[in-house]
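Worksheet for the structure shown next.
Since we're looking at a predicted model, the values are computed, not measured. Chain naming here is simple, since letters A, B, ... match the order of the sequence lines and numbering starts at 1 in each.
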2 protein chains.
Amino acid sequence: MSLSIKDHEIDIVIGALRSDLTSFMSEWRPIFSRFHLIIVKDPDLKEELKIPEGFNLDVYKKPDIDCVVGTSTSTIFSGYSCRYFGYLVSRKKYIISVDDDCYPAKDNKGILVDAVAQHITNLTTPATPFFFNTLYDPFTEGADFVRGYPFSLRSGVQCALSCGLWLNLADYDAPTQALKPEERNSRYVDAVLTVPARSLMPISGINIAFNREVIGPALLPSLRLGGEGKFRWETMEDIWSGMCVKVACDHLGLGVKTGMPYVWRNDRGDAIASLRKEWEGVKLMEEVVPFFQSVRLPREATTTEDCVAEVANVVKEQLGSKDPIFARAAKAMVDWVMLWKSVGSSTSSPGA
Amino acid sequence: MSLSIKDHEIDIVIGALRSDLTSFMSEWRPIFSRFHLIIVKDPDLKEELKIPEGFNLDVYKKPDIDCVVGTSTSTIFSGYSCRYFGYLVSRKKYIISVDDDCYPAKDNKGILVDAVAQHITNLTTPATPFFFNTLYDPFTEGADFVRGYPFSLRSGVQCALSCGLWLNLADYDAPTQALKPEERNSRYVDAVLTVPARSLMPISGINIAFNREVIGPALLPSLRLGGEGKFRWETMEDIWSGMCVKVACDHLGLGVKTGMPYVWRNDRGDAIASLRKEWEGVKLMEEVVPFFQSVRLPREATTTEDCVAEVANVVKEQLGSKDPIFARAAKAMVDWVMLWKSVGSSTSSPGA
């Protein structure tokens with residue numbers, strides 16, 4: 001791990017959608033035990049949490065959430081969105097967040113992947129969004145910039161978000177998984193790369209890390225599907241939030257990386273039974289992607305909060321009339337910025 | 001290899017900068033022997049070529065080049081640029097081109113990589129330049145589009161160019177190699193990805209394949225360094241040509257992929273001795289990259305020839321006065337399009 005980062009600058013945020021975290025925590029113990037953990041219990045979950053001993057952690061349950069944001073606001077943290085409460089109350093510089101059905105993965109050589117170390121390396125080495133390096137991350141050991149890469153772009157920019165990947169059950173949508181029920185991802189790609197500026201991507205919330213001080217307010221629960229359930233393929237909040245983050249990063253000159261670290265996703269749920277719910281999200285993407293591809297933020301937007309507020313305005317204007325879900329998302333974004341400013345800690349301009 | 005591609009639709013083009021091709025051809029025999037080869041001898045090379053028996057090939061030497069394009073034009077094919085003569089006289093749909101100091105690589109499992117098969121797979125499966133898929137090429141076996149990827153973009157677009165990578169001696173510039181004389185690339189990244197639309201990259205000519213019918217005229221010798229030599233790190237023609245190709249592909253809605261296949265590059269040359277020459281190219285990139293990032297082609301440009309001619313116009317206009325090398329490059333591009341139309345076979349609009 002980067003020498004300049006102290007363990008106490010990192011919060012690991014876990015949204016607990018299942019009550020028994022014993023095997024999850026036990027598997028992650030060698031990697032997580034040095035760090036402070038924030039566990040946020042899905043407010044809809046009735047059973048008591050089972051968490052093994054020996055971790056440095058804070059657990060937040062429905063009464064805690066109600067207490068901080070009020071009972072009317074706390075509904076935004078149900079299901080997978082409970083983790084955003086952890087992002088809100090954290091005071092650390094870096095956040096790492098992993099779904100509770102993911103376990104540590106092994107690399108091509110059978111060695112346990114330290115996902116925290118890899119995420120922190122991704123966040124603390126520069127990103128290169130303005131020109132593509134064919135040998136992937138030039139800051140990886142043994143790699144560099146290839147012939148033809150302009151020297152003036154080699155210092156790169158600050159990396160704000162690191163998106164990890166998944167072995168075994170990949171992050172497919174329900175139709176894809178239903179069509180290929182046996183498909184599992186076994187391809188371990190030994191690479192990290194910067195997603196180029198102005199290129200959008202579907203950012204998954206399953207395994208991510210970010211610089212909370214710089215981009216925190218853009219990771220937010222705002223697009224919620226009517227039939228949203230407790231399986232990843234029934235959710236879209238992370239995809240929508242990821243579009244906001246990428247647009248904000250592009251505007252602010254920050255980088256987004258994708259690739260390693262991998263986590264091992266356990267099988268869970270019935271893709272075919274989820275099909276009915278998922279199509280809503282699938283249909284929305286046909287509007288969402290062209291919209292975000294066209295968004296340009298004004299020069300006056302110099303902080304992440306500004307960017308989120310500006311995106312919310314344009315969502316309301318351009319998408320608000322197409323589907324009530326977008327109008328609700330726009331309002332949720334504005335509310336989130338206010339919440340972040342009052343409960344959380346606001347960000348400064350990057351580089352300021 | 002894709003079932004729809006016949007061996008006789010492929011030309012393998014080799015620019016011979018060294019006279020003894022015995023070990024090169026022998027190493028590639030298991031992969032190349034099924035295909036037709038075009039070997040173009042560097043016109044500056046005095047010694048007779050040594051080529052082992054048992055290949056289906058045509059060899060072009062200086063007199064052949066003079067005969068086809070005239071003695072005044074034949075100078076454009078000296079050094080690494082000799083391969084472009086092969087591109088010009090080929091009548092095949094697909095071209096694969098590998099530097100003569102590259103040998104077949106082995107993958108992570110120690111299995112010989114069939115670079116031809118991988119390039120053809122890259123070219124015959126769709127590219128996805130308009131949205132980034134975090135699990136890399138969704139058309140690879142065992143992969144798919146991830147959750148959130150719009151269904152309307154999943155059919156992708158035609159792939160025009162496949163850029164392979166290098167193990168052992170990577171394609172660094174002379175300063176980088178001189179600074180890290182021991183650095184060798186040992187990282188085999190098991191992935192292919194589409195470079196997003198509007199993202200530029202330094203395309204290396206060491207190991208590439210392309211659809212000649214669609215994008216052929218954009219692979220052209222035009223930017224020639226004053227001190228250009230017989231080592232890759234002393235050249236820029238492929239980087240410049242690559243910028244033209246990418247801009248043309250973006251304009252025409254075609255895709256460019258990068259990643260596998262790898263080739264094994266043997267050590268050759270003295271990076272430190274080359275430093276004096278290389279800086280010219282390094283300095284030029286500071287002008288070249290922002291220029292190509294700003295180029296937008298008019299709607300009327302519907303063929304690759306149109307695109308090249310348009311880029312040549314803007315090069316002349318915007319860069320011509322900055323350095324005579326750019327004015328010469330612009331003229332060479334215009335000349336190339338004329339040459340391609342008279343000697344080669346002109347392309348049609350993609351999809352037409």
Highest number of heavy-atom pairs under 4.5 Å with chain B: which of A/Asp171, A/Val146, A/Thr258, A/Asn133?
-> A/Asp171
Look at A/Trp240, A/Tyr149, A/Phe151, A/Phe145 and state which one has the largest set of heavy-atom pairs under 4.5 Å with chain B.
-> A/Phe151
What part of A/Thr176 gets closer than 4.5 Å to chain B, counting heavy atoms only: side chain, backbone, both or neither?
-> side chain
Give, as side chain, backbone, both or neither, the part of A/Tyr262 having an atom under 4.5 angstrom from any heavy atom of chain B.
-> side chain
Give, as side chain, backbone, both or neither, the part of B/Ile203 having an atom under 4.5 angstrom from any heavy atom of chain A.
-> neither
Residue part contacting chain B, namely of A/Val289, when any heavy atom lies under 4.5 Å | side chain
In Å, rounded to the nearest 0.5 Å, how long is the span from CG of A/Asn266 to SG of A/Cys102?
-> 8.0 Å
So does A/Arg232 pair up with A/Glu237, basic N to acidic O under 4.0 Å?
-> yes
What residue, out of A/Val288, A/Val195, A/Leu135, has the most heavy-atom pairs lying under 4.5 Å from chain B?
-> A/Leu135
Could you walk me through whether B/Arg147 and A/Thr235 pass the side chain to side chain donor-acceptor pair (under 3.5 Å) check?
-> CA-CA 9 Å; B/Arg147 178 172 54 100; A/Thr235 65; 3.2 Å; yes
Sequence-distant partners of A/Phe130, ring pair (Phe, Tyr, Trp, His ring centres under 6.0 Å), two or more places apart | none
Establish, from distance only, whether the side-chain atoms of B/Gln177 and B/Asp173 form a donor-acceptor pair under 3.5 Å.
-> no
With a 4.5 Å limit on heavy-atom distance, are the side chains of A/Phe210 and A/His119 in contact?
-> no
What closest approach, in Å, do B/Lys106 and B/Gly110 show between heavy atoms, and which atom pair accounts for it?
-> CD-O, 3.5 Å
Pairs of heavy atoms under 4.5 Å with chain B: top-ranked of A/Ile239, A/Asn108, A/Leu200 = A/Leu200
Could you look at B/Gln293 and say if it's the side chain, the backbone, both or neither that has a heavy atom under 4.5 Å from chain A?
-> side chain
First locate atom CG of B/Asp323, then atom CG of B/Leu223, and finally report the distance between them rounded to the nearest 0.5 Å.
-> 8.5 Å
Option in B/Ser204, B/Ala143, B/Ser186, B/Gly242 with maximal non-hydrogen atom pairs under 4.5 Å from chain A | B/Ala143
Please name all residues satisfying side-chain hydrogen bond (donor to acceptor under 3.5 Å, both in side chains) with B/Asn168, sequence neighbours left out, ordered by chain then number.
-> B/Asp267
Quick one: what part of B/Glu182 sits under 4.5 Å from any heavy atom of chain A, side chain, backbone, both or neither?
-> neither
Please flag which part of A/Glu287 lies under 4.5 Å from any non-hydrogen atom of chain B: side chain, backbone, both or neither.
-> neither
Most contacts with chain A, counted as non-hydrogen pairs under 4.5 angstrom, among B/Ser199, B/Gly142, B/Ala191 = B/Gly142
